[in-house]
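These notes are about the structure you will find just below.
In what follows, every chain begins at residue 1, and chains take the letters A, B, ... in the order their sequences are listed. Values below: all heavy atoms of this structure, side chains included; hydrogens, waters and symmetry mates excluded.
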Number of protein chains: 2
Amino acid sequence: MVSTNRIAEVATLVGEPARAAMLSALMDGRALTATELAGVAGITPQTASGHLAQLADARLILVERQGRHRYHRLATPDVARMIETVMQVASAMAPPSRALPAVGPRDAAMRRARLCYDHLAGELGVAVTDALLERGAVEFEDGAGIVTDAGTALLRDLGIALDDLGDDGRRRSSRPLCRPCLDWSERRPHLAGRIGAALCARFLEQDFLRRIGNSRALSVTPKGQGALRELFGIQM
Amino acid sequence: MVSTNRIAEVATLVGEPARAAMLSALMDGRALTATELAGVAGITPQTASGHLAQLADARLILVERQGRHRYHRLATPDVARMIETVMQVASAMAPPSRALPAVGPRDAAMRRARLCYDHLAGELGVAVTDALLERGAVEFEDGAGIVTDAGTALLRDLGIALDDLGDDGRRRSSRPLCRPCLDWSERRPHLAGRIGAALCARFLEQDFLRRIGNSRALSVTPKGQGALRELFGIQM
DNA sequence: CCGTCGCTTCGGCCGTGGCCGAAGCATTCC
DNA sequence: GGAATGCTTCGGCCACGGCCGAAGCGACGG
């Protein structure tokens with residue numbers, strides 16, 4: 001059992017618009033500087049500094065010094081998962097007044113392919129997930145998922161060894177190997193968990209995908225176009 | 001994508017000690033009155049009333065009138081899951097000063113068997129889960145889980161039809177069929193999700209288990225002792 | 001019908017905490 | 001060395017929101 005005060009403490013940290021904005025910005029797994037985070041939250045650096053100190057104290061984020069910069073990132077996948085579930089409840093809340101304010105057209109690239117913490121989301125994420133489901137590589141039972149033997153083999157062919165996935169030095173006990181994650185633009189599940197992260201990392205490493213500037217959005221390289229078509233029959 | 005303000009809004013609701021205490025008290029799935037909740041939160045009824053109105057406005061809880069009482073319960077399993085993930089992060093936080101303050105001996109019954117939202121927890125919950133894992137009825141891959149064909153058959157023998165589990169009239173799309181839930185006293189997973197809830201309900205219905213007074217704690221009836229031994233080889 | 005009970009609304013008090021300007025350290029660059 | 005950059009600390013302002021006492025309202029029960 002956890003003291004309810006500890007629960008409230010954590011929730012309070014998330015329950016402040018500026019901090020929530022900063023944590024959301026970190027949901028793509030990148031490490032950002034205090035000034036960048038101040039920007040996304042719309043506050044001054046000194047105010048952001050205070051917030052970040054609180055988040056770091058509570059171990060929700062980790063801070064890494066690099067020269068005169070300090071990079072902040074989410075401390076664990078658990079934290080990301082927590083924020084994700086809060087988002088889920090928030091999205092189910094009574095709408096403030098009207099329907100969804102139709103995502104702007106400039107987010108076209110974001111809808112197409114983007115990072116969700118450390119795995120693939122958007123049309124591409126959903127398409128890859130569909131392909132894996134179709135091939136029987138993974139199976140979802142509502143909010144849970146497993147990798148089949150066929151999936152283990154398929155991933156090995158892609159250069160991902162499942163046995164190694166726990167050995168990232170951190171060994172987060174609670175990080176699922178495989179699970180679905182609701183895609184906010186597609187409203188359908190995409191692949192998350194350790195294999196979701198591994199797959200995404202592998203695609204970036206092989207230059208199938210590239211970050212678009214500083215955003216969460218991803219572009220598919222020509223090399224990636226071919227590979228995705230060949231591997232999964234995906235035409236992006 | 002969800003507005004970060006909405007996220008903060010939800011988190012703020014949880015991030016208040018009194019409200020967190022009330023939500024935690026509702027985590028066993030029961031519906032409690034405003035006065036009872038005021039009691040657990042250590043505040044006056046009029047203050048609790050205000051809090052509960054806020055939680056209901058945000059659709060985190062549902063209120064049901066019954067005579068001069070108003071019963072409050074968590075609105076959806078999603079809300080319970082959110083609180084659970086917050087608890088998980090909270091328990092991983094930097095300890096305030098010393099180690100766990102050794103759960104009091106009066107919680108012996110709680111440690112033995114209790115409700116966790118709507119499924120079994122404590123020694124009993126873990127034991128049942130272990131038995132199901134051992135029989136290959138369910139499989140966990142870290143934070144995810146599935147029911148095998150053998151498990152489907154086993155559950156049918158117990159009087160639980162998996163096909164019906166979605167038909168509770170609410171059809172919460174995101175509620176997993178089967179998933180592990182970290183047990184706070186045992187520090188090991190027990191069975192949650194829709195089948196966790198169904199199993200628990202079935203045991204209560206068959207009078208294998210009974211609520212101890214008004215608490216989350218459960219007692220195993222003599223009938224239940226026999227059944228559990230016979231079904232799962234569990235000696236409580 | 002009146003008393004009790006459960007709950008809500010109102011009003012006022014007060015503490016917590018977010019916010020920024022100014023100032024103070026570091027680090028890097030010229 | 002001096003200037004710019006990135007970030008933090010300090011101090012003071014201010015508002016939001018939690019808290020309770022008092023009062024009101026509806027339901028139940030004798």
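Following rounding to the nearest Å, B/Glu16 (CD) and C/dG15 (P) show an atom-to-atom distance of 17 Å. Taking atom CG of A/Asp57 as the reference point, atom C1' of C/dG17 lies 15 Å away to the nearest angstrom. Counting to the nearest Å, the P atom of D/dG6 and the CD atom of A/Glu64 are 18 Å from each other. Between B/His51 atom NE2 and C/dC7 atom P there is a gap of 16 Å when expressed in whole angstrom units. For the pair B/His72 NE2 and C/dG6 P, the computed distance is 14 Å after rounding to whole Å. Rounded to whole Å, atom P of D/dC16 lies 17 Å from atom CG of B/Leu13. If you measure from atom OH of B/Tyr71 to atom P of D/dA27, you get 16 Å, rounded to the nearest angstrom.
Side-chain N or O atoms of B/Thr221 include one that pairs as donor or acceptor with a backbone N or O of B/Phe208 at under 3.5 Å. A donor-acceptor contact shorter than 3.5 Å links the side chain of B/Arg19 to the backbone of B/Leu13.
Counting heavy atoms from C-beta outward, B/Leu124 and B/Leu218 have side chains that stay 4.5 Å or more apart. Under the 4.5 Å side-chain criterion, counting only non-hydrogen atoms from C-beta, B/Arg194 is not in contact with B/Pro77.
B/Leu199 pairs with exactly one of B/Thr129, B/Val128, B/Leu204 by the side chain to side chain contact (heavy atoms under 4.5 Å, CB included) rule, that one being B/Val128.
In this structure, CG in B/Leu23 is found 10.0 Å from OG1 in A/Thr4, a value given to the nearest 0.5 Å. Of the inter-residue distances, the one linking A/Arg70 atom CZ with A/Leu32 atom CG reads 14.5 Å to the nearest 0.5 angstrom. The CZ atom of A/Arg81 sits 7.0 Å away from atom CZ of B/Arg81, with the distance rounded to the nearest 0.5 Å.
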Give every pair of a protein N or O atom and an N or O atom of nucleotides 20-30 of chain C that lie under 3.5 Å apart, one pair per line with the distance.
from   : atom 1 : to      : atom 2 : distance (Å)
C/dC20 : OP2    : A/Thr44 : N      : 3.4
C/dC20 : OP2    : A/Thr44 : OG1    : 3.2
C/dC20 : OP2    : A/Thr47 : OG1    : 2.9
C/dG21 : N7     : A/Gln46 : NE2    : 2.6
C/dT27 : O2     : A/Arg68 : NH1    : 3.2

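The side chain of A/Gln54 contributes no N or O atom lying less than 4.0 Å from OP1 or OP2 of C/dG17. B/His69 has no side-chain polar atom (N or O) that falls below the 4.0 Å cut-off from OP1 or OP2 of C/dC5.
Fit an axis to the five pairs at each end of the helix from C/dC1-D/dG30 to C/dC30-D/dG1 and the two axes sit 20° apart, to the nearest 10 degrees.
For B/Arg70, whose side chain is taken as the heavy atoms from C-beta onward, the closest listed nucleotide among D/dG6, C/dC7, C/dC19 is C/dC7.
Contact check on A/Glu205 versus A/Arg202 returns a salt bridge, with a Lys/Arg side-chain nitrogen under 4.0 Å from an Asp/Glu carboxylate oxygen.
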